[in-house]
Amino acid sequence: MKLAPSILSADFARLADDVDRVKAEADLLHVDVMDGHFVPNLTIGPPVVASLRKHTDLHLDCHLMIDNPGVLLDDFAEAGADGCTVHVELGDPRPLFDKMRALGLRVGLVCNPETPFDAVAPYMDEIDLLLVMSVHPGWGGQAFIPAALDKVRAARDLIDARGLQVEVEIDGGINVETAPAAAAAGADILVAGSAIFHDDDPLAAARRIRAAAAGSSPA
Ligand code: DX5
Ligand code: ZN
């Protein structure tokens, strides 16, 4: 099980410090990019990724909640992103996949809570990462939507049946209560924002989530 702290809930004015506080428990760093159009909220973009890249070797997992990712993929790659994940709700993602591959980015596809698994199933052979949203994209700190687990299970079954190398990531409302079900459903990567960065001790919080996912108590 991998853990991806989401910097959306970090203190943007102390981002490097917040990353340092959790890096011992972070397998990836989840970067939520919002454009004020695809989702109403507005967050960060390539310049912040470039600053993070100078500061950390962690895998920068960029979740693009933006209307037109095609025009920014070059900038994310140039900034040092390791992977970008695009929303299937935007329409045919194949041209974006081609562009990501050409730029050396890991290819991620994401579906919103109301989007059925059938919408992403045709692309499972073409991606490195499937991200299943377990909240409506736009904000941290929302309640976990349990129906997302059905999609994680469906993805896991398809990946195992075909012997694919695709990782399944789940994003939204992950904490010590919800992590066990997400892990049991077959998620490989848990994203957690507020449950980590809104804790007085983010590293301990991350450790608790990892332990909960593994069905044990933190060492
Ligand atoms: C929501 C983002 C999530 C967010 C999760 O649009 O995609 O990555 O940071 O935050 P929590 O863990 O607080 O639900
Ligand atoms: Zn996200």
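Each ligand, and each atom within it, is numbered from 1 in the order the structure gives.
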*Which pairs count as salt bridge (Lys or Arg N to Asp or Glu O under 4.0 Å) when at least one residue sits in residues 167-189, sequence neighbours excluded?*
K2-E167, R106-E167, R156-D188
*With the Zn ion (ligand 2) as the apex, the OD2/OD1 angle for D171 and D32 - to 10°*: 170°
*Which ligand 1 atoms does M65 reach within 4.0 Å, using its non-hydrogen atoms?*
6 (O), 7 (O)
*So which heavy atom in the protein is nearest atom 13 (O) of ligand 1, and how far is it from that ligand atom?*
S194 OG, 2.5 Å
*So, is Q142 polar-close to ligand 1, with some N/O to N/O distance under 3.5 Å?*
no
_List ligand 1 atoms under 4.0 Å from A192, heavy atoms only on the residue side._
12 (O)
*Per-atom contacts, ligand 1 versus M34 - under 4.0 Å to a heavy atom*: 6 (O)
_Salt bridge present between D98 and R101 (N-O < 4.0 angstrom)_ = no
*For F76 and L103, run side chain to side chain contact (heavy atoms under 4.5 Å, CB included): C-alpha distance rounded to whole Å, both residues' side-chain angles, the deciding distance at 0.1 Å, then the answer.*
CA-CA 9 Å; F76 278 105; L103 290 166; over 6 Å; no
*What atoms of ligand 1 come closer than 4.0 angstrom to any heavy atom of G172?*
14 (O)
_Among all the protein's non-hydrogen atoms, which is closest to atom 1 (C) of ligand 1, and how far away is it?_
W139 O, 3.6 Å
*asked:* If we count only N and O atoms by modelled type, under 3.5 Å, do the side chains of T115 and N112 hold a donor and an acceptor together?
replied: no
*With the Zn ion (ligand 2) at the centre, find the angle made by NE2 from H30 and ND1 from H63, to 10°.*
100°
_Ligand-residue contact atoms, ligand 1 with P137, heavy atoms, under 4.0 Å_ = 6 (O)
*asked:* Whether the H30 and D32 side chains hold a donor-acceptor pair (N or O, under 3.5 Å, no angle test) is what I'd like checked.
replied: yes
*Is any side-chain heavy atom of V110 less than 4.5 Å from a side-chain heavy atom of V86?*
no
*asked:* I need the nearest protein heavy-atom contact for atom 9 (O) of ligand 1: residue, atom name and distance, please.
replied: S6 OG, 2.7 Å
*So, D199 and R207, do they make that salt bridge, N to O below 4.0 Å?*
no
*To the nearest 0.5 Å, how far apart are CG in L72 and SG in C84?*
9.0 Å
_Do the side chains of D201 and R21 get close enough for a salt bridge, i.e. N-O under 4.0 angstrom?_
no
*In the protein, which heavy atom is nearest to atom 12 (O) of ligand 1, and how far is it?*
G193 N, 2.8 Å
*Quick one: look up the protein heavy atom nearest atom 14 (O) of ligand 1 and list residue, atom name and how far away it is.*
G173 N, 2.8 Å
*Between M1 and A183, which heavy-atom pair has the shortest distance, and what is it?*
CE-CB, 3.5 Å
*Short list, please: which atoms of ligand 1 are under 4.0 Å from a heavy atom of M133?*
7 (O)
*Among protein heavy atoms, which lies nearest atom 6 (O) of ligand 1, and at what distance?*
G138 N, 2.8 Å
_Looking at ligand 1, would H198 count as a contact under a 4.0 Å heavy-atom criterion?_
no
*asked:* Could you check whether any side-chain heavy atom of K23 comes within less than 4.5 Å of a side-chain heavy atom of L58, counting everything from C-beta outward?
replied: yes
_Heavy atom of the protein closest to atom 10 (O) of ligand 1 (residue, atom name, distance)_ = G140 CA, 3.5 Å
*Using a strict 4.0 Å cut-off to heavy atoms of H30, name the atoms of ligand 1 that fall inside it.*
8 (O)
*Roughly how far, to the nearest 0.5 Å, is NE2 of H55 from CG of L29?*
9.5 Å
*Shortest non-hydrogen contact from I174 to A179?*
CG2-CB, 4.3 Å
_Of the listed options L8, L131, D61, D171, closest to atom 5 (C) of ligand 1 (non-hydrogen atoms)_ = D171
_Heavy-atom gap A195 to ligand 1 smaller than 4.0 Å_ = no
*Please could you name the atoms of ligand 1 that H63 approaches to less than 4.0 Å, counting only its heavy atoms?*
7 (O)
